[in-house]
Each structure stands twice: as structure tokens, then as C-alpha cells.
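Chain A is the first sequence line, chain B the second, and so forth, proteins listed ahead of strands; every chain is numbered from 1. These numbers were taken from a predicted model, which means no experiment stands behind them.
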Amino acid sequence: MSDKRVRVRFAPSPTGGLHLGGVRTALFNYLFARKNNGDFVLRIEDTDQNRYVEGAEKYIIDCLNWCGITPDESPVNPGQYAPYRQSERKTLYREYAERLVMQGHAYYAFDSAEELDKNRKEIPNFQYGQVYRDTLRNSLSLPQPEVDQLLADHTPHVIRIKIPADQTVSFTDMIRGRVSFETNQLDDKVLLKADGMPTYHLAVVVDDYLMKISHAFRGEEWLPSAPIHLLLWDYLGWKADMPQWAHLPLILKPDGNGKLSKRDGARLGFPVFALDWEGAAGFDGMGFLPEAFVNFLATLGWNDGSGQEIFTMDELVSKFSIDRISKAGAKFDFEKAKWFNAEWIKRSTAETLHPKVKAVLESKGVTIKNDAYLATVIDLIKDRCTLLTDFYPQAAYFFQTPAEYDLAAVKPKWTDEKTAFFKAIIEQVKSTPTIVAADFEATFKALAEEKGLKTGDVMLPFRIMLVGGKFGPHVFDIAALLGRDETVSRIEQALAAFA
RNA sequence: GGCCCGUUCGUCUAGGGGUUAGGACGUUAGAUUUUCAUUCUAGAAACAGGGGUUCGAUUCCCCUACGGGCUACCA
């Protein structure tokens with residue numbers, strides 16, 4: 001086992017947007033694969049034709065790419081275990097299901113959905129299992145000739161696993177340790193559906209085997225069905241090749257309880273998807289850096305024990321280990337997610353931020369003519385941005401004259417002396433070839449004193465003239481960046497509004 | 001209801017038989033910044049409860065409580 005090549009798979013079902021929990025599962029798979037020089041496989045589990053959502057598969061792949069966790073093998077980049085969509089592997093599963101029937105580990109069942117629903121409603125704790133299966137319509141209860149006839153007539157039927165009585169099924173989960181189940185509590189799950197598609201239970205076992213998966217990560221919600229899978233691995237004769245299981249703790253709703261669902265985003269005002277999905281803003285559209293998103297997700301249920309919180313993908317790969325994954329579910333905390341993003345923005349260079357910031361500004365109608373100028377702006381303001389979208393309010397005034405002023409902050413205290421002061425400043429600025437921040441500051445203060453004004457009384461108005469509001473970096477740095485002519489013109493324009 | 005998993009500050013977590021139970025987010029108060037943010041300093045804030053085991057349990061065991069998951073021809 002130890003010499004076996006590490007191969008892991010992320011196996012989502014294409015039923016809609018990929019949410020946080022799914023991305024984290026993918027991430028842990030990826031980290032484990034990279035750390036162990038293994039393969040990271042994306043397998044699309046589209047066995048439920050009713051829930052199939054157009055575009056979901058592409059969306060999943062786009063999400064993984066955006067996060068920087070591109071699979072080594074996938075439907076769009078097949079390896080030697082193709083195909084990677086279960087719908088395209090359909091014919092394969094029947095053979096294994098029939099084999100189980102032949103060996104007595106499974107059987108045909110002809111009951112209709114309606115009949116079963118009725119039983120569930122009328123019989124408390126009804127389970128299609130050892131207690132009731134003899135009373136239902138299946139190849140165990142019906143005489144062989146009748147079964148043959150039913151089959152010959154192509155009567156709709158499913159194949160169910162025959163759970164044995166009085167056994168204890170147990171295994172060692174990499175996160176939880178020893179876990180056991182009594183087979184008497186289990187029901188005879190459907191393996192092959194009436195439409196010929198396998199259920200998750202059959203497909204996951206067959207494909208993990210065929211694709212030589214060595215370690216299987218999945219959410220904790222799968223723990224109760226693990227014994228079914230264990231039994232299947234055994235009955236199919238593949239026990240020695242069974243992957244090691246790791247059931248990941250769930251990501252919970254920030255308020256109340258329960259696992260985080262796709263609807264919580266709209267309800268609570270934060271993204272649950274990585275990328276935008278059907279009008280709902282994802283972390284991307286919300287202004288998150290993929291590095292920050294990945295970093296945040298990695299620390300939701302995992303830590304390296306050192307107290308370090310900011311990790312690059314490379315660090316994550318080298319430090320990741322399953323025994324440091326926690327057992328308990330973790331509530332999603334959007335505030336903490338934002339903190340990670342702010343940290344990542346602060347630590348990123350203007351160069352790496354450049355294209356993303358440019359896109360944000362352009363989407364707001366700001367035209368960027370000078371990339372070097374933008375780079376300087378980014379360096380000046382990135383410390384005050386939590387989300388990429390914050391660059392718009394924080395940077396817009398570097399590119400366009402303020403559309404409106406915070407008049408409440410200046411008008412009540414406006415005086416003719418101030419008007420005179422700024423007129424003098426205009427002349428002063430006009431007489432210099434370029435604005436040098438430190439020099440300008442000195443001149444500004446000297447002139448204020450000369451006019452009998454307190455520096456503080458004219459600094460804020462000056463800021464509002466250039467910026468429009470009470471925010472932004474050092475005002476003289478702004479003036480220097482804006483340049484002589486623009487500074488003069490903004491003062492002139494503002495003077496008209498202030499007086 | 002049944003089965004399974006879990007439980008350290010509000011949240012994410014470290015720790016582990018003897019600790020002032022540590023960090024981070026958030027929060028509060030100061031400092032710095034003639035704006036705002038950053039930054040810095042300080043503060044409040046936790047071992048679910050009950051039994052064991054032990055010289056000593058937050059740490060190990062059991063029970064209870066609470067939380068979560070599953071209980072489909074969905075994954």
C-alpha cells in the first residue's frame with residue numbers, strides 16, 4: 001500500500017454553483033496530491049439526470065482554475081482513466097451490479113416508487129432491508145420463474161445491495177480514527193437505478209477502483225454511507241485496493257446552525273460561491289484575490305500548529321497534513337475572510353495587483369491611459385483596501401475630478417480668508433514646474449501661517465478639493481501625483497463650489 | 001424516532017494530566033497619522049454538565065446535555 005502512487009479525486013456533481021465546502025474539499029485533495037507527488041483527478045458525478053444543470057461542469061472547472069488548483073486529469077484534460085464523466089461510463093456499472101447479483105450480494109427489486117413511498121409513510125422506521133425485503137417485490141422474495149419473466153419483459157427494476165445481518169463494519173478514518181457500524185441498522189441501498197445509471201454508492205466504488213484512487217476525501221455527510229462502500233469494496237473483491245478514507249468536517253452557517261447551503265449567501269449577504277453563479281456574486285466578483293480565498297479556506301478546519309495564518313499555495317502544499325485537520329465543523333466567518341483578503345492585498349505588489357485593479361476601475365467607467373501612473377496609485381492606496389472593489393472609491397479621484405464634495409465638512413467654516421489663501425496657493429503652484437510633495441507641504445504651511453490661518457483649517461478643505469471626501473493618503477502625495485495643472489484646476493473648481 | 005460524528009473565548013483555533021489555558025478575526029480603550037485607513041500598545045472574552053481514574057483533570061474513561069450529519073431509483 002505504501003508504495004502505491006497517490007491518486008486523489010474531487011468528484012462533484014454538476015448540479016449548480018460550486019460552493020465553499022466543495023472548493024475546500026477540492027483544495028485538500030489538491031494539497032495532498034501535490035505534497036505526495038500524486039495525481040489530482042476531477043471526476044464529474046452526473047448520474048442523476050434530473051438534477052443535471054447546464055454549464056455547471058464548466059463552472060466547476062473554471063472555479064478550480066481560478067483557485068489555482070487545476071486537476072491533472074479531468075473531462076477536459078483526460079488521462080489514461082478516461083472518461084471522467086460518469087454518464088459516459090454508464091455501461092460499465094451494470095456489469096459490476098450483475099456480478100454482485102450473481103454472487104448473492106445484490107438482487108433485483110421491482111417495487112415502484114409509489115409503493116415504497118406508501119410503506120415509508122405507513123410503517124414507522126421503514127427500511128428496505130432485512131426486516132421487510134421478503135415482503136416486497138424482488139428477486140429474493142419472488143419465485144425464480146416470475147423473476148425471470150419480469151426481467152424478460154423488461155419490467156423496470158433496480159438492483160439493490162443485500163446487506164448482511166449481524167455484522168460490524170468498521171474502518172479507520174484518517175481524520176476520525178476508528179468508526180464502526182452495525183449492518184442491522186443499514187438498508188439495502190439501490191446500486192443501479194431503473195434508468196440504468198448507477199447510484200453514487202456503486203459509481204464511487206467502481207470508479208475509485210478503476211481510477212486507482214489511493215485516498216478518498218469527502219464531506220462528513222458521507223460518513224453514514226461509508227459502510228455500504230466498505231461492503232462493496234469487499235464484495236467486488238477489491239478490498240486490498242480500497243482507498244484510505246478521510247471524512248472532512250462540514251462548513252456550517254455563520255448564524256444559527258446547520259451546514260452552509262447555497263441559499264445562505266443571498267440570505268446573509270456574503271458569497272458562498274467562488275465565481276459568480278446565476279447572478280449571485282462569488283468571491284471573485286466580490287473582490288477577493290484567489291490567493292486569499294484559498295488561504296482562508298485552507299485554515300477552515302486545518303492549521304499547521306505554528307500560529308501562522310497567511311500561507312502561499314506553496315507553503316500550504318509543503319505544510320499540509322491530514323492529522324492536523326480538525327474533527328468538528330467550522331462556522332463560516334465572512335469577517336475573517338475579508339481580513340485574509342486585506343492581508344493579501346497589502347502583501348501583493350502593485351505589479352501583481354495591476355491587472356485586477358485595472359479591471360475593477362474600467363468596469364466602473366474609469367479609463368486607464370498610463371499604467372505606470374496606476375501602479376503608483378496602487379502602491380499609495382492598497383493598505384486601505386479590503387476588497388479589490390475598494391480600489392474604485394479609493395482610486396477614482398486619481399483619474400477623474402471629484403463628482404461631488406463633502407460640503408458639510410467645509411462650507412459651514414468657510415471664510416473669505418480661506419478663499420484668498422487658496423487663490424494664493426494657485427499662484428504658488430502655477431509658478432513651480434512640478435509639485436514635489438515635501439516642498440509643497442512646506443510652502444503650503446508657510447503660506448497658511450502668513451495668512452494667519454491654522455494649517456489644520458486649510459488641510460481638510462484642500463483634501464476635499466482634490467479627493468472629494470475625508471479619506472485617502474497624505475494630501476501632498478496626492479497633489480504631487482495629480483500634477484501641477486490638475487491640482488490647480490481642482491482647486492479652482494472647488495473654490496466655486498465652496499464659496 | 002434510529003444510526004453515526006462532534007463539543008476550548010462571539011467566531012476560527014493552539015494546547016494537553018500539574019500552564020497566569022496561547023494566537024488570530026471581531027470588539028473595547030489608548031498612541032501615531034492636521035482626513036480616513038494602515039500600524040502599534042493595552043483590555044474584556046473559553047475548556048458544556050455530572051460521575052469516575054489519579055496525589056492532581058480542561059486533557060484519559062463513562063453517562064447526560066447540546067450541536068451537526070444521514071436516514072431517496074440525490075449526490
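Here, U53(B) and G17(B) have their C1' atoms 11 Å apart, quoted to the whole Å. Straight-line distance between the C1' atoms of A57(B) and U71(B): roughly 38 Å, to the nearest whole Å. With both ends at atom P, the span from C47(B) to U8(B) equals 11 Å, rounded to whole Å. A46(B) and C9(B): their P atoms are spaced 9 Å apart (whole Å). Comparing the same atom, C1', in G6(B) and in U39(B) gives a spacing of 40 Å after rounding to whole Å. Between U27(B) and A44(B), the two C1' atoms lie 9 Å apart (nearest whole Å). U32(B) and A14(B) have their P atoms separated by 38 Å, given to the nearest Å. Comparing U38(B) with C74(B), their C1' atoms sit 48 Å apart, to the nearest whole Å.
Atom NZ of K382(A) is surrounded by more than 12 heavy atoms from other residues, nucleotides or ligands within 6.0 Å. For R178(A), the CZ atom sits in a packed shell: over 12 heavy atoms of surrounding residues, nucleotides or ligands are nearer than 6.0 Å. Crowding of E115(A) atom CD: a count of heavy atoms from other residues, nucleotides or ligands under 6.0 Å exceeding 12.
No close placement of the F293(A) and F288(A) rings is indicated, their centers lying 6.0 Å or farther apart.
D188(A) has no carboxylate O lying under 4.0 Å from a charged side-chain N of K162(A), or vice versa, which leaves the two without a salt bridge. Taking a cutoff of 4.0 Å between a charged side-chain nitrogen and a carboxylate oxygen, E449(A) and K445(A) do not qualify as a salt bridge. Between D207(A) and R89(A) there is a salt bridge, with a side-chain nitrogen of the basic residue lying less than 4.0 Å from a carboxylate oxygen of the acidic one. Salt bridge annotation for E45(A)-R85(A): absent, with no cationic side-chain nitrogen under 4.0 angstrom from a carboxylate oxygen. Salt bridge annotation for R160(A)-D187(A): absent, with no cationic side-chain nitrogen under 4.0 angstrom from a carboxylate oxygen. Using a 4.0 Å cut-off between charged nitrogen and carboxylate oxygen, D48(A) and R51(A) count as a salt-bridge pair.
The phosphate of U38(B) (OP1 or OP2) has no side-chain N or O of R347(A) nearer than 4.0 angstrom. Regarding contacts with the backbone of A37(B), every side-chain N or O of K470(A) stays at 4.0 angstrom or more from both OP1 and OP2. The side chain of N303(A) places an N or O atom within less than 4.0 Å of a non-bridging phosphate oxygen (OP1 or OP2) of A14(B).
Along RNA chain B, the nucleotide nearest R176(A) and the nucleotide nearest P473(A) are compared for position; the residue whose nucleotide lies closer to the 5' end is R176(A). When each of E309(A) and F471(A) is assigned the nucleotide of RNA chain B with its nearest heavy atom, E309(A) is the one assigned upstream, toward the 5' end.
Each of W302(A), F217(A), F320(A) was compared with F28(A) under the ring pair (Phe, Tyr, Trp, His ring centres under 6.0 Å) criterion, and only F320(A) meets it. Applying side chain to side chain donor-acceptor pair (under 3.5 Å) to D264(A) and the options H19(A), K259(A), K253(A) leaves one that passes, K253(A).
The NZ atom of K338(A) sits 14 Å away from the P atom of A37(B) (whole-angstrom rounding). Put simply, NZ on K346(A) is 13 Å from P on A37(B), counting in whole angstrom units. In this structure, the CG atom of D477(A) is 18 Å from the P atom of U38(B), given to the nearest Å. Atom P of nucleotide G23(B) and atom CG of D304(A) are separated by 17 Å, given to the nearest angstrom. When the P atom of U39(B) is taken as reference, atom NZ of K382(A) falls 13 Å away, rounded to whole Å. Atom C1' of nucleotide G2(B) and atom CZ of F181(A) are separated by 14 Å, given to the nearest angstrom. At whole-Å resolution of the value, CD in Q394(A) and C1' in U38(B) are 11 Å apart. Rounded to whole Å, the distance from CZ on F311(A) to C1' on G23(B) is 12 Å.
Nucleotide U7(B) is matched to A65(B) when pairs are restricted to Watson-Crick or G-U wobble geometry with both distances under 3.5 angstrom. Of the nucleotides present, none pairs with A57(B) by Watson-Crick or G-U wobble criteria with both distances under 3.5 Å. Pairing of G26(B), defined by two Watson-Crick or G-U wobble distances under 3.5 Å, is not identified with any nucleotide. Across all strands shown, nothing is found opposite U33(B) as a Watson-Crick or G-U wobble partner with both distances under 3.5 Å. The base-pairing partner of U38(B), taking Watson-Crick or G-U wobble contacts with both distances under 3.5 Å, does not exist among the strands shown. Base-pair partner of G17(B): not found among the strands shown (Watson-Crick or G-U wobble, both distances under 3.5 Å). Across all strands shown, the partner of C70(B) is G2(B), judged by Watson-Crick or G-U wobble contacts whose two distances both fall under 3.5 Å.
R324(A) comes within 4.0 angstrom of the backbone, heavy atoms only, and of no base. G301(A) comes within 4.0 angstrom of the backbone, heavy atoms only, and of no base. No engagement by P227(A) is indicated, since no non-hydrogen atom pair under 4.0 Å with the nucleic acid exists. Within 4.0 Å of V179(A), counting heavy atoms only, lie sugar-phosphate atoms of the nucleic acid but no base atom. Nucleic acid contact class of S180(A) (heavy atoms, under 4.0 Å, all strands): sugar-phosphate only.
Cation-pi contact between K411(A) and W414(A): absent, since separation from the ring centre below 6.0 Å together with deviation from the ring axis within 45° is not met.
The stretch residues 325-335 of chain A touches RNA chain B through S326(A), K327(A), A328(A), A330(A), K331(A), D333(A), E335(A), each having a heavy atom within less than 4.0 Å of the strand.
For the residue pair S141(A) / N138(A), a side-chain donor-acceptor distance below 3.5 Å is found, with atom types taken as modelled.
Judged by atom type and distance alone, N125(A) does not reach the base of G2(B) through any side-chain donor-acceptor pair under 3.5 Å.
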(request) Let me have a per-nucleotide readout for nucleotides 66-75 of chain B, 5' to 3', with B, S or -, counting only protein heavy atoms under 4.0 Å. (result) -SSBSSSBBB
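Ring pair F171(A)/W245(A) is perpendicular by interplanar angle, where above 60° counts as perpendicular and below 30° as parallel.
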Under 3.5 Å between N/O atoms: give me all the protein pairs with nucleotides 27-34 of chain B, atom names plus distance.
{"residue": "U34(B)", "atom": "N3", "partner": "G456(A)", "partner atom": "N", "Å": "3.4"}
{"residue": "U34(B)", "atom": "O4", "partner": "T455(A)", "partner atom": "OG1", "Å": "2.5"}

